[in-house]
Amino acid sequence: MAKEEPNSASVVSEGTSEVHDDNETTNGSAPSLQKEVEEKVDGLTLDEPATEAAKKKKKKNKSKKKKEPPQQTDPPSIPVAELYPSGEFPEGEIQQYKDDNLWRTTSEEKRELERLEKPIYNSVRQAAEVHRQVRKYIRQIAKPGILMTDLCETLENKVRKLISENGLQAGIAFPTGCSLNWVAAHWTPNSGDKTVLQYDDVMKLDFGTHIDGRIVDCAFTVAFNPMFDPLLEASREATNTGIKEAGIDVRLCDVGAAIQEVMESYVVEINGKVFQVKSIRNLNGHSIGQYQIHAGKSVPIVKGGEQTKMEEGEFYAIETFGSTGKGYVREDLECSHYMKNFDIGHIPLRLPRAKQLLATINKNFSTLAFCRRYLDRLGETKYLMALKNLCDAGIVQPYPPLCDIKGSYVSQFEHTILLRPTCKEVVSRGDDY
């Protein structure tokens with residue numbers, strides 16, 4: 001979600017072999033008896049003599065296989081927690097810090113700090129695994145001709161299923177952004193919207209998952225026409241550069257400068273006209289807190305940003321936006337995204353309907369972002385005036401779509417990273433990007 005600047009083996013029973021006295025054998029010689037035993041061993045019948053070798057063979061054949069964990073279906077339908085019965089979820093991509101911080105890798109003190117934080121890491125890794133599985137599926141169905149509302153609701157229902165949605169303990173972290181073309185961020189269809197995905201669209205899919213408020217904010221761009229490939233490559237590589245540069249005690253402005261240099265080294269030819277890709281200067285990555293998608297620090301994507309340093313233990317959304325337009329966004333179009341202000345205290349409300357709507361928001365979203373479709377899904381009706389009242393009172397903040405000039409194209413890639421005491425973990429990294 002964009003931030004606008006400035007705002008065990010089993011036991012097997014064995015058959016009991018009957019003991020036959022040689023004196024009881026009246027017919028046949030010893031060799032014939034041995035032959036008979038050998039033939040019966042091959043059959044491995046429970047009531048016949050068996051050698052030690054036969055016993056071992058029988059045990060091997062009868063041993064039960066260790067129970068395998070369930071495998072995900074296609075399309076995905078099994079909650080991720082059931083796929084990892086140990087309760088340990090996959091670690092993200094590990095990157096080492098730069099030279100001045102390499103000592104952290106072997107520091108026993110820093111390793112102990114990580115052991116203490118393991119429950120937090122595990123929560124965000126679970127959310128990240130849900131994100132990976134959902135986006136893999138969505139890539140299969142995001143095709144020209146699909147209704148944008150259907151795309152978003154399919155995605156969100158998959159998140160709810162795979163993350164085992166449970167109130168504010170597990171679920172969707174913010175509305176699905178599916179901004180098209182010159183719309184850079186914060187657009188999702190409101191109820192009744194009939195927008196259909198087209199072949200020549202450039203769509204930014206930005207969605208979030210969370211466990212116990214530990215948010216994974218991750219996005220990618222979908223384009224079907226190959227002429228947009230350089231535009232997508234620009235933002236993908238710029239994001240990877242930002243991730244590489246990020247680290248403990250790194251100044252945010254230095255990350256921004258590195259991102260811009262990579263982004264603006266790309267050009268893209270669209271319908272015969274060549275454009276230099278520009279970093280959108282008033283959009284940023286951001287720090288992430290528990291139940292707080294924008295936790296106060298901004299990660300610029302151009303040079304000249306703030307001197308503030310990144311710190312140990314922080315989560316960041318490293319996201320970049322490349323544009324063929326002016327490289328500057330403004331608020332436009334109908335608003336769909338809203339979020340209760342994180343630090344807001346008690347503010348008296350006069351309208352009963354506003355009080356009722358705020359109770360719904362507090363119960364279902366708290367300080368996580370939501371959209372109108374989510375209110376509709378909860379059975380809320382005729383709430384626009386009450387929602388406006390909450391916005392006017394400063395309790396809820398609207399986040400309208402952010403747009404570059406009409407006719408331009410914007411691409412976006414984003415990952416959530418964790419500045420661990422010993423290393424940097426790209427928690428949302430997948431095989432796709």
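These numbers come from a predicted model, not from an experiment.
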**Prompt:** Mind checking whether His186 and Tyr399 have parallel, tilted or perpendicular rings, split at 30° and 60°?
**Reply:** perpendicular
**Leu402 backbone acceptor or donor facing Arg330 side chain under 3.5 Å** = no
**Prompt:** Sequence neighbours excluded, which residues qualify as side chain to side chain donor-acceptor pair (under 3.5 Å) partners of Asn240?
**Reply:** Arg429
**Of Tyr338, Phe370, Phe342, the residue whose pairing with Phe365 passes ring pair (Phe, Tyr, Trp, His ring centres under 6.0 Å)** = Phe370
**Message:** Hydrogens and angles aside, do Gln96 and Thr105 bring a side-chain donor and acceptor to less than 3.5 Å of each other?
**Reply:** yes
**Greater than 12 external heavy atoms within 6.0 Å of Asp99's CG** = no
**Message:** Could you check, using the six-membered ring where one of them is a Trp, whether Phe174 and His210 have ring centers closer than 6.0 angstrom?
**Reply:** no
**Message:** Can you confirm whether more than 12 heavy atoms, excluding those of Lys136, are under 6.0 Å from its NZ atom?
**Reply:** no
**Request:** Given salt bridge (charged side-chain N to carboxylate O under 4.0 Å, His left out), test Lys388 with Asp392 step by step and report yes or no.
**Result:** CA-CA 6 Å; Lys388 183 179 184 303; Asp392 291 344; 2.8 Å; yes
**Asked** Which pair of heavy atoms, one from Asn284 and one from Ile301, lies closest together, and at what distance?
**Response** OD1-N, 4.4 Å
**Message:** Cys371 and side chain to side chain contact (heavy atoms under 4.5 Å, CB included): which single residue from Pro175, Cys152, Cys335 fits?
**Reply:** Pro175
**Request:** Establish, yes or no, whether the cationic atom of Arg160 lies under 6.0 Å from the six-membered ring centre of Tyr374 and within 45° of the ring axis.
**Result:** yes
**Nearest heavy-atom neighbours spanning Cys178 and Met203** = O-CG, 3.9 Å
**Request:** Check whether more than 12 heavy atoms from other residues, nucleotides or ligands sit under 6.0 Å from atom CZ of Arg115, and answer yes or no.
**Result:** yes
**Item:** Check: Thr176/Glu156 side-chain N/O donor and acceptor closer than 3.5 Å
**Value:** yes
**Fill in**
The complete set of salt bridge (Lys or Arg N to Asp or Glu O under 4.0 Å) pairs with one or both residues in residues 336-347, sequence neighbours excluded, reads none
**Request:** State which residue, out of Phe220, Tyr433, Phe321, fulfils the ring pair (Phe, Tyr, Trp, His ring centres under 6.0 Å) condition with Phe413.
**Result:** Tyr433
**Prompt:** How about Gln71: does its CD atom have over 12 heavy atoms from other parts shown lying under 6.0 Å from it?
**Reply:** no
**Item:** Atom CD of Gln169: over 12 foreign heavy atoms under 6.0 Å
**Value:** yes
**Asked** Is the number of heavy atoms from other residues, nucleotides or ligands within 6.0 Å of CE (Met227) greater than 12?
**Response** yes
**Request:** Taking atom types as modelled, find out whether Arg125 and Asn122 have a side-chain donor-acceptor pair closer than 3.5 angstrom.
**Result:** no
**Message:** Run the side chain to side chain donor-acceptor pair (under 3.5 Å) test against Asn341 and tell me which residues pass, sequence neighbours left out.
**Reply:** none
**Message:** Before you tell me yes or no, could you show the steps for Asp201 and Asn181 under side chain to side chain contact (heavy atoms under 4.5 Å, CB included), namely the whole-Å CA-CA distance, both residues' side-chain angles and the distance that decides it to 0.1 Å?
**Reply:** CA-CA 6 Å; Asp201 283 339; Asn181 305 324; 3.0 Å; yes
**Asked** Does one side chain, of Ser235 or Ser411, offer a donor that lies under 3.5 Å from an acceptor on the other?
**Response** yes
**Prompt:** Can Glu88 and Ser86 be counted as having a side-chain donor-acceptor contact under 3.5 angstrom?
**Reply:** no
**Prompt:** Under the side chain to side chain contact (heavy atoms under 4.5 Å, CB included) criterion, do Tyr316 and Leu252 qualify, and how do the steps go?
**Reply:** CA-CA 11 Å; Tyr316 282 92; Leu252 295 169; 4.3 Å; yes
**Message:** I need the minimum non-hydrogen distance between Ala170 and Ile211, along with the two atoms involved.
**Reply:** CB-CD1, 3.7 Å
**Within 6.0 Å of OH in Tyr328, more than 12 heavy atoms from elsewhere** = no
